[in-house]
Number of protein chains: 2
Amino acid sequence: MAEAKKNTKEHLIDSAGELFAQDGFEGVSTRMIAEKAGVKVSAIHYHFGSKEKLYTESLTRAVEYDSCADFAMVIAENPALLETPVGRAEIIRTTVFRTFYDNFREDTPDWMRQIIVQGIMKPSSVFSDFLETVLKPDVDAARRLYLAARPGADEVQIAAWLDILHSQILLYSVAKEALEVLRGEGSMDTEFYRGVARVVARAMILELELPLPVDLEQ
Amino acid sequence: MAEAKKNTKEHLIDSAGELFAQDGFEGVSTRMIAEKAGVKVSAIHYHFGSKEKLYTESLTRAVEYDSCADFAMVIAENPALLETPVGRAEIIRTTVFRTFYDNFREDTPDWMRQIIVQGIMKPSSVFSDFLETVLKPDVDAARRLYLAARPGADEVQIAAWLDILHSQILLYSVAKEALEVLRGEGSMDTEFYRGVARVVARAMILELELPLPVDLEQ
DNA sequence: GTCTATAGCATGATAGAC
DNA sequence: GTCTATCATGCTATAGAC
């Protein structure tokens, strides 16, 4: 509403994304989307052909926006860090903070996080691509790091360790509303996420028995 | 189908729960539920009055089944453990293993986990009760433990630490299908969850800088 | 307590004027 | 490219026979 009138197509993707993220594909009608976007229902079919194609378009937009492969990136930027315990701890610290920052900085629309989570819960064809091209390289990078620090670790251990980070991102993407009921309105701000990143980084570094960077001590 | 014919009402709750958990409230029609349960649509209205009341009934069933308040219980069973570092580590170890066991033992239907998660994502009145009566006491118990080990810790730190456990439970409840695509069919069995519980317990104990129980070393 | 039949409505999609 | 008007379908829910 308050935003300047972009072209109808973009506006429809935004409006639809917001609604789909909140109520799921079947929970939203084309009429609701059209009303929110301030256009008529037929505009949806003119621009996208069907409700389903509009959904796919919104999901694709969100997936493209989400980089997410942070371990791989941090290691690529400075591979030498893999060689020493201090370097490995540094990789973890940087990755965790960057992941929380990327996911929860305030200019990322909430719906992009939520619609991705819905895709995870009910995988579709769009999503297999996401898993293969975005997530898998990151898992591989994390595996290399873990094995460098702890040779002979098994796959379950590595997966569980990496999931400490990913599951926390998932939780705050999905359960924000419920957690604010529990912990107070507005309690989940930038400050909160920075505090959480600290704890998660500490836990992951210490689980691997690496030396704690000074700024993460107690 | 394969199960012995219980009474129609129970059968409807099971069938509906399974479908609602997978596709959400709006994603499921009364026709689908009736067909799955092998009865006619009107039976739903006879027994429950409406689709919504059937949904509430399924959700309530799942919430009642889910104990979840494990920290509170473990501490109540042996409050003396709170007094020493070794005891505190023991509380964490026991709670984490018990939580994973309770949530993922094989006689718990998948749909009960999933429908609760959907309740978290889109909180309703049924769910406020769940948060207040089930989750809150557990959070309080965890806070007492954390402060005993690290006096002066702030609320964010405590929340983030407790969420290491809760978020991992959420992840495996929600993303099982997607993760099996990534890690291989059937990879998420009892063995897997035990391995994960080990890593999570290690991470939570070490983040609090408590001594590691011998069976959790390396 | 379970069935058939159907009312009453909202949905996704299309046709055609402008 | 956007509108109005309309279609066919599928939905929840109810009425009434058995």
Side-chain angles (χ1 to χ4, degrees), chain A residues 1-62 111 115 118-119 122 124-126, chain B residues 1-62 111 115 118-119 122 124-126:
Chain A
M1 289 294 154
E3 56 198 271
K5 184 179 175 180
K6 293 176 278 189
N7 64 58
T8 301
K9 192 167 177 178
E10 288 303 309
H11 201 175
L12 272 170
I13 292 177
D14 276 356
S15 304
E18 229 166 294
L19 292 172
F20 284 140
Q22 226 170 51
D23 298 332
F25 181 75
E26 284 95 351
V28 177
S29 72
T30 51
R31 284 166 161 79
M32 291 162 67
I33 298 168
E35 190 179 10
K36 188 179 176 76
V39 298
K40 298 296 162 184
V41 187
S42 50
I44 292 173
H45 293 92
Y46 175 77
H47 285 287
F48 302 96
S50 72
K51 178 189 174 187
E52 193 169 359
K53 292 216 182 91
L54 171 54
Y55 176 78
T56 309
E57 195 77 21
S58 302
L59 180 55
T60 306
R61 188 66 55 99
W111 71 261
I115 205 171
Q118 291 207 343
K122 204 171 155 47
S124 63
S125 58
V126 184
Chain B
M1 288 298 152
E3 56 196 274
K5 184 180 173 176
K6 292 177 276 188
N7 65 56
T8 301
K9 191 167 177 176
E10 288 303 309
H11 201 174
L12 272 171
I13 292 177
D14 276 356
S15 305
E18 228 165 294
L19 292 173
F20 283 140
Q22 228 171 51
D23 297 335
F25 180 75
E26 283 96 350
V28 178
S29 71
T30 51
R31 282 165 161 80
M32 292 162 67
I33 298 168
E35 188 180 9
K36 188 179 176 75
V39 298
K40 297 297 162 184
V41 187
S42 49
I44 292 174
H45 294 93
Y46 174 78
H47 285 288
F48 303 95
S50 73
K51 179 189 173 186
E52 193 169 356
K53 289 213 184 94
L54 171 54
Y55 177 78
T56 309
E57 195 77 20
S58 302
L59 180 57
T60 306
R61 189 66 54 97
W111 71 262
I115 204 172
Q118 291 208 343
K122 207 174 151 46
S124 62
S125 59
V126 185

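Throughout, protein chains are lettered first and strands after them, A, B, ... in sequence-line order, and every chain is numbered starting at 1.
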Counting side-chain heavy atoms from C-beta on, which of C:dG12, D:dC3, D:dT12 comes nearest to A:Ser42?
-> D:dC3
Among C:dC3, D:dT12, C:dG12, the nucleotide that comes nearest once only the side chain of A:Lys51 is considered | C:dG12
Could you tell me whether B:Lys9 sits above the aromatic face of B:Phe48, with NZ or CZ closer than 6.0 angstrom to the six-membered ring centre and within 45 degrees of the axis?
-> yes
Taking atom P of D:dG1 as reference, at what distance in whole Å does atom CZ of A:Phe48 sit?
-> 12 Å
B:Tyr55 OH to D:dT12 C1': how many Å, rounded?
-> 18 Å
Among C:dC3, C:dA13, D:dT12, the nucleotide that comes nearest once only the side chain of B:His45 is considered | D:dT12
Minimum-distance nucleotide (side-chain atoms of A:Ser29 versus C:dT11, C:dA15, C:dA13) = C:dT11
Could you tell me whether a side-chain N or O of B:Lys51 sits under 3.5 Å from a main-chain N or O of B:His45, the two making a donor and an acceptor?
-> no
Run through A:Leu59, A:Leu54, A:Thr60 and flag the one making a side-chain contact (heavy atoms from CB on, under 4.5 Å) with A:Thr56.
-> A:Thr60
Can you tell me if the side-chain N/O atoms of A:Lys40 get under 4.0 Å from OP1 or OP2 in D:dT2?
-> no
Examine C:dG1: is either OP1 or OP2 under 4.0 Å from a nitrogen or oxygen in the side chain of B:Tyr46? Give yes or no.
-> yes
Phosphate OP1/OP2 of C:dT2 contacted by B:His47 side-chain N/O (<4.0 Å) = yes
Could you state the atom-to-atom distance from CD of A:Glu52 to C1' of C:dA13 in whole Å?
-> 14 Å
Grab the CD1-P distance between A:Ile33 and C:dA10 for me, whole Å please.
-> 18 Å
Quick one: do A:Glu10 and A:Arg61 make a salt bridge, cutoff under 4.0 Å?
-> yes
Rounded to the Å, how far apart are A:Glu35 CD and C:dA10 P?
-> 13 Å
Closest to the B:Arg31 side chain: D:dC11, C:dA13, D:dC3?
-> D:dC11
For the residue pair B:Phe20 and B:Ser58, what are the closest heavy atoms and their distance?
-> CD1-OG, 4.4 Å
In whole Å, what is the span from the CG atom of A:Leu54 to the P atom of C:dA13?
-> 10 Å
